[in-house]
Amino acid sequence: MPAQMHPNPPPRVTMLEGVYQDNLRLGELQRRARRSPTLRPARRARRSQAWALLGMALVFGPALGYLGPSLLLDGATTPLSIATAPASLYPEPPEWKAAADRPSPPAFVPVQLDAVPLLEPGQFAGSEPGDWSDFGGLLRNDRFPLTAIFGLDVQTIVIDAGHGGKDPGAVGANGTMEKDIALDIALRLRERLRSLGRYKILMTRDTDTTLRLNERVAFANDNRADLFVSIHINAYPDVRVNTVETYYFGAPPDTASLELAELENSGSQYRMADFKAMIEKIAHTMKHQESASLAASIQYSLFHNLRKLDHDVRNFGVKTAPFVVLLGVDSPSILAEVSCITNIEEEAKLNTPAYREKIASYLEKGVHDYLRHKQARTAGEISYERESNG
Amino acid sequence: MNGKVMDDSALKIGIDLGTSRSAIAASNDQREWVESYVGWPKDFIAQKVLGKPVLLGEEALSNRLSLDICRPLERGVIKEGTTRDEEAVKELIHHLVKLVDQDSDRKVHAVVGVPAESFSTNKLAIKNAVSEYVDSLMVTSEPFAVAYGQNLLNNAMVIDIGAGTIDFCIMHGSVPAEDDQRTVFTAGDYIDQQLYNFLSERYPNADFNMNMVRRFKEQHSFVGDPKGKVEVEIPVRGKLTAHDITDEMRRACESIVPPIVETTLELVSRFDPEYQDKILTNIVLSGGGSQIRGLSKRLQQSLQESGPCNMRCIEDTLFAGADGALALAKDMPEEFWENV
């Protein structure tokens, strides 16, 4: 719904009134916050646990009937018990042991925008499990992704060929347009993923048409995409540079909102509006975890294979960035810059079907590895070491 | 400040709490700013040498080797949960207020600008930190404060490019709602990190740190065509050596262009279609990042692909937020102050 315009702006006093009202609401929150410090930490933790379990019971229980009761009631499979017995599911690789020595992140964690290390497929870039009796611990934990805990599956994959129609995207020195290369690679990826026979593969565009970002987002959401892969070709002023990088949306892990919900419910009454926010937080965390994992898998495949063809290709790594198309899509989503069109040699290669097919195959491998590891994580049947060695 | 006499001559102040720099403007015509650094002596010896329990701004930065130093507002928010950062914000606020308010008996009313999409929790944290030093306080979004101060109340967009965040705000004649505002994090610090990475890659033997990189950016940042070669001196094995960083500087600075363009178009496209063209032709850049040479021109060119676009930069970027917050503070009716 577009915002309403006021051709004749109201007097400033209306704006001042608006600022005042905002601050009155904030003042009320502040007063509640001041009342709550008397709450002892243990009591806060117990309330968080009860809140989390209640939320999961009421929302995910009915939605995942086969999982809900056992997840919530069976002592062997509660989130708490999974966290306290990780070795049976995932033997710790050395990096995780090192990570265990690091201090736990602050409750208000700013978004990380820097390039993250190149992870191998199936490896998570997360912290050690926090206190699982605390809802924040559940959200902060990356090691046991929520898709595995809740047994969520992938059925529909949407491939998005960047740019198109009136928007050529980046253009190489010899006139090669990003929109054409991205579309061709996307079509090739579609055929490859279709051949797996397990997933519904859709494309935001399969011809040279103009598509706005919000239309791409709407297409993915309307078709209930489980994964969203956006394909782009990079451009750099330095024509000698050839790069590969993969992005996912880097929204902050929103534990602050969780704490706010706790403050707002510092009495004995919980409201449905708060309840909904908690559940949305689970969905947000799931998207973040899976997007990071998918991005790591695709970047790993792209870089390690392209390096065999071009020793000078630079690994710009997995990054988070606030691209609108990644923000809007509800499902795990990534944007891969699979090549660099401003590199003249690379542009020439991109004009050969064989090279585009190779890139499509590397993307396919990245998606496939992610799905394979995700499936294994969900089933809880493999160890990290076995996968790494295999 | 409890126990002060309530009267009509309250000092009004506007504060722009920034990741990199914080500014304050007061109704007694005083304006001050400080680098948003706070440092505590590492040990007894350091405290003896420095002679102070806490150092702020440039003084903290220049003595950083002897200090536990922090920028408490990384990415525009107080890192809640870390007592040190909360304490640092309090020190910063206390310092700023002292700079403009030497009359300790006077009542102080303050408006503080915070990032556009700041969580309520963060607003609360800032409010808690500030309220110790003022008698009455309101917080508002930074770009709204800028817009108010610049009289951009209708059919306009403010893009405030700071160190921690870039804040977008559409003004349409009323206080902007959440849907009218966006915050993205590919801001000045992101450029610093990009530049640091690029330089590390190109000059692996050069010895530099993030402060030096930040300084390089502040002196030489640009997008598009350079005026000339950007050359800086960086030590290599202890010897100052000239390094050409032109390409790296351009790439780092241009890395923020796509997110700004995308977010601008996304925000505008949500607006009433009849007024979208008016917004696009009245975009104002503020914040330190707006001073990147060629940035407004590049952004305007990119946005012109979607239609006519006119973009300009605010002249006094350092104080635009604080001045806007002060304007709000001055215009706010007295009865409002008494109730918040």
Side-chain angles (χ1 to χ4, degrees), chain A residues 1-10 12-27 29-30 33-34 105-111 113-115 166-167 212-214 236-238 241 250 252 254-260 263-264 314 316 320-325 327-328, chain B residues 74-75 77-82 111 119-125 127-128 131 137-140 144 148 153-155 164 170 172-175 177 179-180 184-186 189-190 193 197 201 247 250-251 254 258-259 262-263 265-266 269-275 305 328 331-333 336 339-340:
Chain A
M1 184 76 179
Q4 294 301 307
M5 295 295 299
H6 299 274
N8 300 311
R12 283 174 177 246
V13 70
T14 309
M15 291 191 173
L16 298 171
E17 171 81 25
V19 173
Y20 170 62
Q21 292 295 341
D22 281 349
N23 277 274
L24 279 184
R25 282 190 286 274
L26 204 56
L29 282 177
Q30 195 176 27
R34 280 175 182 161
F108 207 102
V109 185
V111 63
L113 287 157
D114 309 330
K166 292 176 186 170
D167 174 12
R212 289 158 60 138
L213 290 175
N214 57 354
Y236 272 95
D238 186 343
V241 171
D254 194 355
T255 50
S257 293
L258 173 66
E259 292 186 2
L260 180 62
L263 287 177
E264 287 178 343
R314 291 189 191 177
F316 277 18
T320 55
F323 290 126
V324 170
V325 75
L327 167 65
Chain B
E74 291 288 349
R75 304 193 190 286
V77 299
I78 293 184
K79 287 178 282 183
E80 205 186 34
T82 51
V111 171
F119 298 113
S120 294
T121 311
N122 187 47
K123 287 181 185 166
L124 270 183
K127 196 161 181 167
N128 287 337
S131 57
L137 167 72
M138 297 195 198
V139 296
T140 192
F144 169 67
Y148 191 89
L153 303 183
N154 201 18
N155 297 333
I170 286 185
H172 52 87
S174 60
V175 174
D179 274 356
D180 305 322
V184 301
F185 299 91
T186 42
D189 286 352
Y190 178 74
Q193 186 63 56
N197 293 344
E201 196 171 329
D247 284 345
R250 172 169 45 204
R251 282 166 56 201
E254 289 184 347
E262 283 196 39
T263 307
L265 290 176
E266 191 266 340
S269 70
R270 295 171 64 91
F271 220 67
D272 189 316
E274 279 190 74
Y275 293 88
E305 292 170 12
L328 278 163
D331 292 350
M332 199 66 71
F336 287 0
N339 294 331
V340 292

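These numbers come from the heavy atoms of this one structure, side chains and all, not from hydrogens, waters or symmetry mates.
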Inter-residue atom distance [X].[atom1] - [Y].[atom2], 0.5 Å rounding:
X: A/Phe316; Y: B/Asn197; atom1: CZ; atom2: CG; answer: 9.0 Å
X: B/Met332; Y: A/Met15; atom1: CE; atom2: CE; answer: 12.0 Å
X: B/Arg250; Y: A/Tyr236; atom1: CZ; atom2: OH; answer: 12.5 Å

### Which atoms of A/Glu17 approach chain B - backbone, side chain, both or neither, heavy atom under 4.5 Å
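Both parts, backbone and side chain.
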### B/Val175 side chain reached by A/Asp22 side chain, heavy atoms, under 4.5 Å
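Yes; the side chains approach each other to less than 4.5 Å.
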Please classify the contact of [X] with chain A as side chain, backbone, both or neither, using a heavy-atom distance under 4.5 Å.
X: B/Glu274; value: neither
X: B/Asp331; value: both
X: B/Glu305; value: neither
X: B/Leu137; value: backbone
X: B/Phe144; value: side chain

